[in-house]
Amino acid sequence: MSLRLGDTAPDFTAETTEGKIRFHDWIGDSWAMLFSHPADFTPVCTTELGETARLKREFDQRNCKVIALSVDSVADHKAWLGDIEETQGCAVNFPIIADTDRQVSHLYDMLHPGEGDASTVRSVFLIDPRKKIRMTLTYPKSAGRNFDEILRVIDSIQLTDGYQVATPVNWKQGDDVIIVPNLSDEEAKQQFPHGWKTLKPYLRVTRQPNL
Ligand code: BEZ
C-alpha cells in the first residue's frame, strides 16, 4: 500500500554521493525533501537537479534538507555531477542516493512498471522533524517539477502548523490567509485581534499572522 500523509517515513540505510546514511539520523531535527528522478545522464533530470541546487539556500532557510534518488550507482551519480554544473551553472550541493537494489524505491512506491522500465518516476516526499510524511507528489517522467511550488508548500505547512489558518489558492508568503472553519468567531478574536474579513461564514480572510 502506498504511503499516506501522516505516516512515518520509512527508515533505511543507503549509499549516497556523500557516503552511507541512515535516513532518519540524516534528517535529524530538520525537515527533509526526498525526491526521485528516473536516471542519470537524462535531460529533464539534469535541469531538475541543477535548479534544486540553485534553490538550496531557500531550503536551508526553511530548515529543510534535500536528498535526491535514482536507481543508478554512486559512480554514475558522481560522473554526472560535472554535466549538471556545466549545463545548469550550479554544482549539486546535496546527496544523491544510489538505489541500485531498489530498496528505497520499493519502500516509497517510486517504481511505476506501467511506465515501461524499472526506473523511478518523479516522486517528492516532504518529511517533518518527527519523520512524518507531510506532502507527496508524483509526476510522470516527461514532466519536470516546479521546485518553487515545493518551497511554497513547505511555507504553508510550517505556517499552518503554528496557527489555526489555511492558505488559499496560489498563496505565497505575505499573502492573506484563511481562518480554519472549525474556529468560532469568539476563538478567532483571541487569535486574530486585528480582525478579519468575513466573505461567507466559512470563508474568513485575515493577514498572515506571523509577520
Ligand atoms: C529526463 O530526465 O529527461 C527523462 C528521463 C526519463 C524519461 C524521459 C525523460
Side-chain angles (χ1 to χ4, degrees), residues 1-5 9-10 12-21 23 26-27 30-60 62 64-127 133-155 170:
M1 196 171 72
S2 57
L3 295 167
R4 293 167 302 187
L5 300 187
F12 57 82
T13 301
E15 296 294 342
T16 82
T17 47
E18 297 183 8
K20 194 171 188 161
I21 62 156
F23 189 49
W26 177 83
I27 295 173
S30 302
W31 292 64
M33 176 181 75
L34 167 65
F35 69 113
S36 58
H37 56 272
D40 298 351
F41 301 104
T42 51
V44 178
C45 303
T46 300
T47 63
E48 286 191 325
L49 269 70
E51 176 65 1
T52 307
R54 197 182 64 71
L55 291 172
K56 175 74 166 25
R57 190 186 309 200
E58 295 290 332
F59 283 96
D60 289 345
R62 291 158 175 83
C64 185
K65 291 184 172 178
V66 170
I67 191 162
L69 173 148
S70 83
V71 298
D72 296 309
S73 66
V74 166
D76 279 346
H77 289 344
K78 287 186 172 171
W80 182 36
L81 293 179
D83 290 0
I84 298 172
E85 182 170 7
E86 179 190 326
T87 61
Q88 307 305 306
C90 198
V92 171
N93 43 19
F94 49 83
I96 309 174
I97 295 168
D99 194 34
T100 50
D101 63 2
R102 295 170 173 75
Q103 179 215 170
V104 183
S105 309
H106 281 297
L107 276 176
Y108 283 81
D109 197 21
M110 293 164 161
L111 297 166
H112 291 218
E115 288 291 306
D117 61 28
S119 61
T120 36
V121 288
R122 299 185 197 282
S123 298
V124 181
F125 293 85
L126 277 181
I127 299 162
I133 294 175
R134 302 299 299 275
M135 188 218 74
T136 67
L137 66 78
T138 304
Y139 276 26
K141 292 178 181 177
S142 51
R145 288 156 287 194
N146 181 334
F147 289 89
D148 286 323
E149 169 62 4
I150 310 295
L151 291 167
R152 195 187 73 86
V153 177
I154 297 172
D155 284 343
N170 294 339

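Remember, it's 1-based here, ligands and their atoms both numbered in the order they're listed.
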>> For a ring pair (Phe, Tyr, Trp, His ring centres under 6.0 Å) check, start with the C-alpha distance between Phe94 and Phe59, then their side-chain angles and the critical distance, and finish with the verdict.
In response: CA-CA 11 Å; Phe94 49 83; Phe59 283 96; 8.6 Å; no
Ligand 1: protein N/O within less than 3.5 Å of ligand N/O:
{"unit_1": "ligand 1", "atom_1": "2 (O)", "unit_2": "Thr42", "atom_2": "OG1", "d": "3.0"}
{"unit_1": "ligand 1", "atom_1": "2 (O)", "unit_2": "Val44", "atom_2": "N", "d": "3.2"}
{"unit_1": "ligand 1", "atom_1": "2 (O)", "unit_2": "Cys45", "atom_2": "N", "d": "2.9"}
{"unit_1": "ligand 1", "atom_1": "2 (O)", "unit_2": "Arg122", "atom_2": "NH2", "d": "3.0"}
{"unit_1": "ligand 1", "atom_1": "3 (O)", "unit_2": "Pro43", "atom_2": "N", "d": "3.2"}
{"unit_1": "ligand 1", "atom_1": "3 (O)", "unit_2": "Val44", "atom_2": "N", "d": "2.5"}

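Residues satisfying the ring pair (Phe, Tyr, Trp, His ring centres under 6.0 Å) test with Tyr139, not counting sequence neighbours, are none.
Ring geometry, Phe41 versus Trp80: the interplanar angle falls from 30° to 60°, so the pair is classed tilted.
Between the side chain of Arg102 and the backbone N or O of Thr100, at least one donor-acceptor pair lies under 3.5 Å. One N or O on the side chain of His37 and one on the backbone of Leu69 form a donor-acceptor pair closer than 3.5 Å.
Residues Ser105 and Asp99 bring a donor and an acceptor atom of their side chains to less than 3.5 Å of each other.
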